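Input: a single structure, listed below in structure tokens.
Atoms within a ligand are numbered from 1 in the order they appear, just like the ligands themselves. Note that the structure is a prediction, hence the values are computed from the model and not measured.
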Amino acid sequence: MTDGRTHLAQRIARLGTETAFAVSAEAAAWQEKGNRVYPFHLGDMDLPTPQNIVDAAMKAIADGKTGYCPNAGIMPLREALAADVSASHGVNYGPENVAVQPGGKPVIGKFLLTLMDPGDEVLYPNPGFPIYESQIEFLGGVAKPYGFVPGETDFLLDFDAIEAAITPRTKLLIFNNQHNPTGAESPDTEIETLAELARNHDLYVLSDEAYWDIRYSGRSRSIASLPDMQERTVILYTFSKKYAMTGWRLGAAIGPQEIITHVATLNVNQESCTTHFIQYAGVEALTGDQSGAKKILGILKDRRDVAVRLLNDIPGVSCYAPEATFYLFPDMTELMERKGYDTYDELRRAVLEQTGVSFCTRLHFGRELPGETRRYGRFAYSGIPVADIEEGLGKLKAWAEQ
Ligand code: PLP
């Protein structure tokens with residue numbers, strides 16, 4: 001910076017971040033001072049990647065799969081992904097519909113780069129994964145949030161907000177069923193209504209399916225499998241959650257060939273290819289023994305059951321029991337009022353310092369929307385074992401009762 005001028009590009013001022021990482025840093029600092037911390041804040045996992053997947057990666061390195069590989073991914077992985085998603089979605093994809101990515105997250109920016117011009121409006125969930133808003137605004141789009149309303153057993157999409165937000169400039173819709181941070185899932189009627197909106201307004205859809213397989217009962221359903229939707233939907237696929245592979249960075253964009261071709265050219269421009277040997281681990285994950293993924297899901301379900309029960313036991317807190325994701329989004333309005341905290345950060349810091357329980361709040365998932373009166377926390381149980389859930393939430397309860 002010289003004489004008040006900045007050399008940074010203007011767009012940098014519009015780049016957001018994941019503020020949950022700041023909560024993580026605060027929790028780590030608190031722990032370093034010798035305090036006990038119960039980590040409910042970050043959606044990372046404390047579970048190991050299944051051994052058969054690890055072995056496949058080691059073998060691929062030993063076999064010399066260490067050079068560049070095709071930009072859209074190795075053919076066996078693209079074929080395995082096409083087969084897997086075709087079967088689970090009841091649609092028909094081939095390898096030409098798949099561009100392998102270093103994680104699920106890059107699909108968000110590449111979808112927008114391929115389909116959004118500056119000034120185009122994009123509907124996205126808020127609360128929601130913060131990277132949607134960051135990337136829309138960074139790339140010059142107009143971010144139009146839609147929220148959720150509390151239903152009887154789950155959060156419901158706020159269709160009034162969605163319809164009110166649609167204008168002639170609306171081009172894209174981001175939909176995250178099995179939703180972070182609420183854990184909400186749309187009933188069939190909601191998905192059908194969304195698909196109808198997309199067809200009527202000629203919207204292309206990013207279907208963020210990061211938690212598609214993290215589910216404890218029932219089945220996941222994709223907007224891509226509704227009539228005429230496959231041709232206007234890009235699926236964000238990731239290995240991160242199902243196979244406890246968050247740090248491996250492996251995912252894919254799956255969608256119409258005329259879009260995926262450009263996503264693959266973005267791969268050429270940005271990272272050349274996803275790490276070659278990691279892709280062989282992905283092939284093993286999809287086509288090999290599935291007992292590791294099953295075990296992960298069993299552990300998560302036990303944690304969910306305990307966490308939901310104990311959160312609902314805390315005076316002033318109430319929480320749905322989502323059948324998918326590893327997130328809970330308890331309503332903490334009464335607790336905040338009773339304890340006399342006005343802001344989310346005051347509550348969060350007091351809880352951390354007085355109980356060791358570290359969690360995110362609604363504000364880590366977007367700005368509050370007009371008319372929002374209830375106050376929510378987000379508790380992830382992907383990185384904390386049952387015994388610690390019990391101990392931590394027990395302390396939170398005792399604190400709430402004081
Ligand atoms: N989409 C949602 C809703 C997420 O919660 C996450 C990660 O937490 C991602 C995408 C990104 O996944 P990945 O870690 O595979 O990049």
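- For residues 186-222, every residue pair satisfying the ring-ring contact (aromatic ring centres under 6.0 Å, His included) rule, not counting sequence neighbours, is listed here: His89-Trp212, Tyr211-Phe326, Tyr211-Tyr327.
- Using cut-offs of 30° and 60° on the angle between ring planes, the pair Phe129 and Tyr132 is perpendicular.
- Within the structure, side-chain hydrogen bond (donor to acceptor under 3.5 Å, both in side chains) contacts touching residues 335-351 (residues at least two apart or in different chains) are Glu26-Arg348, Glu26-Arg349, Thr343-Glu346, Asp345-Arg348.
- Ligand 1 has a nitrogen or oxygen under 3.5 angstrom from a nitrogen or oxygen of Gly104.
- For Glu152 and Tyr320, the side-chain atoms include no donor-acceptor pair closer than 3.5 Å.
- Atom 8 (O) of ligand 1 has Lys241 NZ, 2.8 Å as its closest protein atom, hydrogens excluded (heavy atom only).
- Contact annotation: for Phe239 versus ligand 1, there are no heavy atoms closer than 4.0 Å.
- Those atoms of ligand 1 that come under 4.0 Å of a heavy atom in Ser240, given as number and element, are 13 (P), 14 (O), 15 (O).
- At least one heavy atom of Asp208 sits less than 4.0 Å from an atom of ligand 1.
- Gln101 and Asn267 form a side-chain donor-acceptor contact under 3.5 Å, judged by distance and modelled atom types alone.
- Short contacts between ligand 1 and Lys105, defined as distances under 4.0 Å to a heavy atom of the residue, involve ligand atoms 11 (C), 13 (P), 16 (O).
- For the residue pair Val357 and Gly392, the shortest heavy atom distance occurs at CG2-O, 3.2 Å.
- Contact annotation for Arg249 and ligand 1: only side-chain heavy atoms (C-beta onward) come within less than 4.0 Å of the ligand.
- Ser225 and Gln230 form no side-chain donor-acceptor contact under 3.5 Å, judged by distance and modelled atom types alone.
- Of the protein's heavy atoms, Phe129 CZ, 3.5 Å lies nearest to atom 6 (C) of ligand 1.
- In this structure, atom 5 (O) of ligand 1 lies nearest to the protein heavy atom Tyr211 OH, 2.6 Å.
- Here's the thing with Asn180: one of its N/O atoms is less than 3.5 angstrom from an N/O atom of ligand 1.
- Heavy-atom proximity to Asn176, at under 4.0 Å, picks out these atoms of ligand 1: 3 (C).
- Heavy-atom neighbours of Gln10 CD from other residues, nucleotides or ligands within 6.0 Å: at or below the threshold of 12.
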